[in-house]
S.K.: 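I'd like to ask some things about the structure below.
A note on names: the letters A, B, ... follow the listed sequences, proteins ahead of strands, and every chain is numbered from 1.
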Amino acid sequence: MSRPPFPSGWSSIPLSLKNLTLANSLPVGQSFLWHRHAIASSTPGCPTEEFSRAVDNPPRVVCLRQSPSHLYYTGVYPNEHDALADLRRGITKDWVNDYFQLKAHPELEKMYDDWRARDPELFGKVEVNKRAVGVRVLRQDPWECLIAFITSTNNHIPRITSLLHRFSQSFSPPLVTLHNPDNDGETTYHLFPTPTALPTKLEALLRSMGFGYRASFIESSLQTLEEEFKEEIEAGLLRWRNQDVDTVREKLVALKGVGRKVADCVMLMCMDKPSLIPIDTHVAAIAARHPAFPSRLRNKPMSKQVYDETQQFLLDRWGPMGGWCQAVMFAADLPEPKPKVKVVKTKVNTSVTVKRKLEEVSPTLNLKRTRSATRLELKQTRTIVTDEVKMEE
DNA sequence: CAGGTC
DNA sequence: ACTGG
């Protein structure tokens, strides 16, 4: 089957990059299941890349593109009937407005003005980064978001991404297969699995899939949610949007694998709690850069006390939309995504020299020194790049 | 060592 | 304590 099976047709919304930049909002550690492809035959002034993912109610693939003046969207359906219904009722249009919170928070630039005035020290300095432009907090599905952030603990973003894709492919049937817009192969899309689609003996399966100790957290949390909501977990979690922060936090933290940080992430990103500032190692480091950051909190290991005080410090700086400001700061501080180039390395023996020098400085090498020496050696070989070759498109 | 948690 | 980008 080739693209497009049953597209609802491309539509557009006038929208500036300052109000939303897809590339700065979708792949920055809040949502993990978007596919990203370059567009093969793009002309100047037109979109250069496409983001796409499976979305439910009704099941389809939502594709997004962006130019400096417009956001383009379409739903691609496995059957014609639903595609026509989308066109008639504007289903994907409504979904885009809800997901990016364009109606609830239409003026992102006004928020930036506010944060700049409140916190010239931190925000004012970070916002000049082009990766800080148009960062929006997404309004995500609570069930998916919960599983995603239980999975996130002690994991890199690329690894969280691959685990969640594996999760979707394993427990949700293929929805539709589309040719990639870069003309490089095709992608089979899967909805995020519903709780009822998950098998018994989930923990063992998740462990074999690479979830590690988070496997038991997910199985336990699922069981707890089944006891509370029976077959209606997703609808039950959606209802938490209407309750206050302290009530919801209590319920979230009661789940295995959900502590303060994960609970704050879930509430910020899918429960309409825009003031919440999740404190991870990254945000803690950002806070520590502020001249007014209390010295007694500097270089302290994370604890409930340090968490609360750091969060309060940032809330005082960033105000009632503090969680959104945090999203900007976090996105701008992320390492640049790896460019798709094949790096041809020539290994030169300078690494040996470096290692020997270290040994000379400290003849009694303990384990830690050996490890740092290895890392230094790796860095040294990586800097010697003789050629870069663009990957075949 | 990673958007921490048990 | 799991595990690999």
S.K.: Hey, is Arg139(A) close enough to Asp272(A) for a salt bridge, meaning N to O under 4.0 Å?
M.R.: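 Yes, Arg139(A) and Asp272(A) are salt-bridged.
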S.K.: For Watson-Crick and G-U wobble pairs within 3.5 Å on both distances, what is DNA chain C written in dot-bracket notation, | included for inter-strand pairing?
M.R.: ..||.
S.K.: Which part of the nucleic acid does Val28(A) contact within heavy-atom distance under 4.0 Å: base, sugar-phosphate only, or nothing?
M.R.: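 Base contact.
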S.K.: Among Ser11(A), Ser67(A), Cys63(A), exactly one meets side chain to side chain contact (heavy atoms under 4.5 Å, CB included) together with Tyr72(A). Which residue is that?
M.R.: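 So, applying the side chain to side chain contact (heavy atoms under 4.5 Å, CB included) to Tyr72(A) and each of Ser11(A), Ser67(A), Cys63(A), only Ser67(A) qualifies.
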S.K.: Does the side chain of Thr153(A) get closer than 4.0 angstrom to OP1 or OP2 of dG3(B) through an N or O atom?
M.R.: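 No, because none of the side-chain N or O atoms of Thr153(A) sits under 4.0 Å from OP1 or OP2 of dG3(B).
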S.K.: For a quick check, tell me whether the side chain of Tyr307(A) and the base of dG4(B) share a donor-acceptor pair closer than 3.5 Å.
M.R.: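 Such a pair does not exist between side chain and base.
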S.K.: Which one, dG3(B), dT3(C), dG4(B), comes nearest to the side chain of Val262(A)?
M.R.: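 Among dG3(B), dT3(C), dG4(B), the one nearest the side chain of Val262(A) is dG4(B).
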S.K.: Do Leu33(A) and Val76(A) sit in the same hydrophobic cluster, where Ile, Leu, Val, Met, Phe, Trp and Tyr count as joined when their side-chain heavy atoms come under 4.5 Å apart?
M.R.: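 No, Leu33(A) does not connect to Val76(A) through the hydrophobic network.
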S.K.: Go nucleotide by nucleotide along DNA chain C from the 5' end; which of Arg207(A) and Arg166(A) gets its closest nucleotide reached first?
M.R.: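 Nearest-nucleotide comparison on DNA chain C picks Arg207(A).
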S.K.: How close or far is atom C1' of dG4(B) from atom CZ of Phe330(A), stated in whole angstroms?
M.R.: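 Rounding to the nearest Å, CZ of Phe330(A) and C1' of dG4(B) are 13 Å apart.
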S.K.: Name the nucleic acid region contacted by Leu255(A), choosing base, sugar-phosphate or nothing; use a 4.0 angstrom heavy-atom cut-off, strictly under.
M.R.: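 Sugar-phosphate only.
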S.K.: If you look at every strand shown and take non-hydrogen atoms under 4.0 Å, does Met209(A) touch a base, only sugar-phosphate, or nothing?
M.R.: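 If one applies the 4.0 Å heavy-atom cut-off, Met209(A) turns out to touch nothing in the nucleic acid.
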S.K.: Just so I know, are the side chains of Leu225(A) and Leu146(A) near enough to count as touching, which here means a heavy-atom distance under 4.5 Å?
M.R.: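 Counting from C-beta outward, Leu225(A) and Leu146(A) do come under 4.5 Å.
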S.K.: Identify whether NZ of Lys or CZ of Arg in Arg317(A) sits under 6.0 Å from the centre of the six-membered ring of Phe313(A) and within 45° of that ring's axis.
M.R.: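 Pair Arg317(A)/Phe313(A) counts as cation-pi.
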S.K.: Between Leu334(A) and Lys256(A), which has a closest nucleotide on DNA chain B that is more 5'?
M.R.: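 Its nearest nucleotide being more 5', the pick is Leu334(A).
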S.K.: Please state whether the base of dG4(C) and the side chain of His156(A) form at least one donor-acceptor pair under 3.5 Å?
M.R.: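 Indeed, a donor on one side and an acceptor on the other fall under 3.5 Å apart.
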S.K.: Look at Lys261(A) together with Asp280(A) and state whether they make a salt bridge at an N to O cut-off of under 4.0 Å.
M.R.: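 Here Lys261(A) does not pair with Asp280(A) in a salt bridge, since their nearest N and O are not under 4.0 Å apart.
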S.K.: In plain terms, say whether Asp264(A) and Arg249(A) are close enough for a salt bridge, that is, a side-chain N and a carboxylate O under 4.0 Å apart.
M.R.: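 Salt bridge present between Asp264(A) and Arg249(A).
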S.K.: Please determine, for the side chain of Gln30(A), which listed nucleotide (dG3(B), dG4(C), dG4(B)) has the closest atom?
M.R.: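 Between dG3(B), dG4(C), dG4(B), the one nearest the side chain of Gln30(A) would be dG3(B).
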